[in-house]
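These notes concern the structure reproduced below.
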Amino acid sequence: EPRIREVARKYEISGLELGAGETFDQPGLWEWLLALNGRELNVPVMAFTGGLSKQTPRVLDAIAATSAPVLLLFSYDGRRSERNAANWREVEAAFRAMKARLSVAPHVTLKLTACVAPRDTRHLKENFRSLLDLDPAPFAFRPLKRSFNETEREEFVRQLAAFLDEASNRGVRLLSAPDEGEWHLGLKRDWTCHRLGVSLLPDGRFTDCYVAWYCSDFPTWRTLPSLEGFDRFFAQ
């Protein structure tokens, strides 16, 4: 808390992010930070969750009781993904339960977000379709954490383009669509981003990335060259 107070005196804080692992495993941290935010900072809060923490009900109670906007990015990579192939039923059930619990909390936004590993490129369209089946709305995603070879990159682009066409046919526009049959996605040469990965911008460009750069339904003007202007990311 003293360090947060020090930063608040030096900078204009426009948002707080809880990261590094499953944040819901630390309900006391959530309760303390939300209370501090309500007393002094009054800024939006963002965090990731995998949905399977035993502490989820307690954290959701704390989030629902706060007045500050909260953006929860629910991590789910799809039914045939490397990470969720063995537990997709439990994860999907956890998302439905969380969405129902937060339906009475209009200040909370719950959004699916997927990471893509090289092994997932063979099933990318199917995995992304399972996210859309679970919640028929634009979701966040980013290829992340590992190197992709040329074959995997080509498969990624092919399956992503096919999925975007299918999503558009369902009325869910994740990217601004070119003319029919003219999908084009540019790839960074090394597929890396400070050892984190790369992000796909809403106009189809890949770029260096972090938190504010990969939500697929954010317009291009909301991408950030620096932490300045972070409030635009949290707005709406």
Side-chain angles (χ1 to χ4, degrees), residues 15-27 29-30 33 44-60 62-64 69-103 105 108-146 148 156 159-160 163 167 172 174 193-201 209-218 233-234:
L16 296 172
E17 178 195 352
L18 277 70
E22 177 50 78
T23 64
F24 279 31
D25 284 340
Q26 304 292 334
L29 172 63
W30 271 97
L33 188 59
V45 179
M46 186 189 74
F48 291 85
T49 177
L52 298 182
S53 173
K54 295 179 180 179
Q55 302 294 335
T56 293
R58 179 176 165 185
V59 175
L60 293 182
I63 291 174
V70 178
L71 170 62
L72 290 178
L73 294 174
F74 188 102
S75 298
Y76 177 47
D77 296 349
R79 294 185 175 186
R80 299 192 65 183
S81 65
E82 179 177 333
R83 185 168 60 135
N84 294 121
N87 69 352
W88 65 267
R89 291 178 178 84
E90 294 88 341
V91 173
E92 290 193 2
F95 177 81
R96 294 188 185 98
M98 190 175 299
K99 188 174 182 179
R101 173 64 182 84
L102 294 173
S103 63
V108 182
T109 299
L110 181 64
K111 179 185 287 289
L112 288 170
T113 180
C115 291
V116 181
R119 180 173 155 187
D120 297 339
T121 58
R122 294 170 297 169
H123 307 294
L124 185 141
K125 179 181 177 182
E126 184 176 353
N127 285 332
F128 278 5
R129 185 192 295 123
S130 67
L131 270 74
L132 207 59
D133 290 341
L134 181 58
D135 190 28
F139 56 86
F141 69 96
R142 54 180 175 175
L144 191 67
K145 298 179 180 176
R146 301 179 200 167
F148 289 64
F156 177 95
Q159 291 217 25
L160 177 60
F163 169 76
V172 180
L174 283 91
C193 166
H194 307 294
R195 299 184 179 179
L196 288 176
V198 299
S199 290
L200 183 64
L201 294 178
C209 62
Y210 193 52
V211 172
W213 286 39
Y214 61 85
C215 288
S216 56
D217 58 337
F218 281 8
F233 168 66
F234 286 98

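Atoms CG and CG, on Leu16 and Leu18 in that order, are 7.5 Å from each other to the nearest 0.5 Å. Once rounded to the nearest 0.5 Å, the distance linking CD of Glu92 with CG of Leu112 reads 9.0 Å. Here the OG1 atom belonging to Thr56 is positioned 12.0 Å from the CZ atom belonging to Arg58, to the nearest 0.5 angstrom. Here Leu110 contributes atom CG and Met98 contributes atom CE; the two are 6.5 Å apart, rounded to the nearest 0.5 Å. Distance check: Leu72 CG to Leu60 CG gives 7.5 Å after rounding to the nearest 0.5 Å.
Heavy atoms only, all atoms of each residue included: Arg79 and Asn127 are closest at N-OD1, 3.4 Å. Considering every non-hydrogen atom in both Arg83 and Ser75, the closest pair reads NH2-CB, 3.4 Å. Glu17 approaches Phe48 most closely through the heavy-atom pair OE2-CE1, 4.1 Å. Here the closest heavy-atom approach between residue Val172 and residue Pro136 is recorded as CG2-O, 4.1 Å. The two residues His123 and Gln159 make their nearest non-hydrogen contact at C-OE1, 3.7 Å. Heavy-atom minimum distance, Gly51 versus Phe74: CA-CE1, 3.5 Å.
For the pair Ser130/Tyr76, a side-chain contact is recorded, criterion being any heavy-atom separation below 4.5 Å from C-beta on. Arg96 has its side chain within reach of Leu134: a pair of non-hydrogen atoms, C-beta onward, lies under 4.5 Å apart. At least one side-chain heavy atom of Thr49 sits under 4.5 Å from a side-chain heavy atom of Glu22.
Checked against the 6.0 Å centroid threshold, Phe24 and Trp30 count as a close aromatic pair.
For the residue pair Ser53/Asp25, the side-chain donor-acceptor check at 3.5 Å is satisfied.
The backbone N or O of Asn84 lies less than 3.5 Å from no partner atom in the side chain of Asp77, so there is not a single donor-acceptor pair. For Asp120 (side chain) and Glu82 (main-chain N/O), a donor-acceptor pair under 3.5 Å exists by modelled atom type.
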| field | Test log, rule side chain to side chain contact (heavy atoms under 4.5 Å, CB included), inputs Leu29 and Thr23 | value | CA-CA 8 Å; Leu29 172 63; Thr23 64; 5.9 Å; no

| field | Audit row: Phe163, Leu132, side chain to side chain contact (heavy atoms under 4.5 Å, CB included) steps and yes/no | value | CA-CA 10 Å; Phe163 169 76; Leu132 207 59; 4.1 Å; yes

